[in-house]
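Written below as structure tokens is the structure these notes are about.
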Amino acid sequence: MAGDPIAASAVLNRLRRAQGQLAGVISMIEQGRDCKDVVTQLAAVSKALDRAGFKIVATGMRECATGITPDGDHAPMTEAELEKLFLTLS
């Protein structure tokens, strides 16, 4: 992620959007808003977080698989480690 400022910017935008949506959900609950509206907004937060996570994994795949990082000190991940990484998002 550190080596790709465009991808990092996209992830940060998604996380900021999710942060704003989560603040909205909290506010909705505090105001006693309708359950359907709260759940709809909560689903939007969840989707934004998932997309940020997928972007991070997709962008970092080469780095994780090869071990090539800006600081050059990471061992390549095994297939099992990569699979586990993907499964953490499901």
Side-chain angles (χ1 to χ4, degrees):
M1 208 67 239
D4 189 343
I6 294 171
S9 178
V11 168
L12 288 172
N13 287 339
R14 288 177 178 165
L15 291 174
R16 287 185 183 109
R17 185 176 316 124
Q19 183 179 33
Q21 290 170 325
L22 183 56
V25 169
I26 292 168
S27 178
M28 292 171 77
I29 293 170
E30 291 172 343
Q31 295 168 9
R33 297 276 301 272
D34 182 62
C35 177
K36 181 182 173 189
D37 295 336
V38 172
V39 171
T40 299
Q41 285 303 310
L42 193 57
V45 172
S46 180
K47 188 172 183 176
L49 290 173
D50 286 345
R51 287 179 181 230
F54 293 142
K55 182 69 173 174
I56 290 168
V57 171
T59 302
M61 183 55 64
R62 182 179 323 128
E63 187 176 297
C64 292
T66 64
I68 299 171
T69 62
D71 56 13
D73 67 351
H74 292 85
M77 292 178 75
T78 66
E79 184 177 331
E81 290 171 326
L82 289 168
E83 182 179 350
K84 184 176 178 180
L85 182 63
F86 274 116
L87 291 174
T88 60
L89 295 172
S90 62

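Computed from a predicted model, the values in this text were never measured in an experiment.
Shown here are the side-chain contact (heavy atoms from CB on, under 4.5 Å) partners of E83, two or more places apart in sequence or in another chain: L87. With sequence neighbours excluded, no residue forms a side-chain contact (heavy atoms from CB on, under 4.5 Å) with E79.
Atom CG of L12 sits about 12.0 Å away from atom NZ of K55, to the nearest 0.5 Å.
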Please output the side-chain donor-acceptor pairs of residues 13-30 that fall under 3.5 Å, not counting sequence neighbours, one pair per line with the distance.
residue	atom	partner	partner atom	Å
N13	ND2	S9	O	3.4
R14	NH1	R51	O	3.3
S27	OG	Q31	NE2	2.9

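Applying the salt bridge (Lys or Arg N to Asp or Glu O under 4.0 Å) test to pairs two or more places apart or on separate chains, those with a residue in residues 36-49 are R33-D37.
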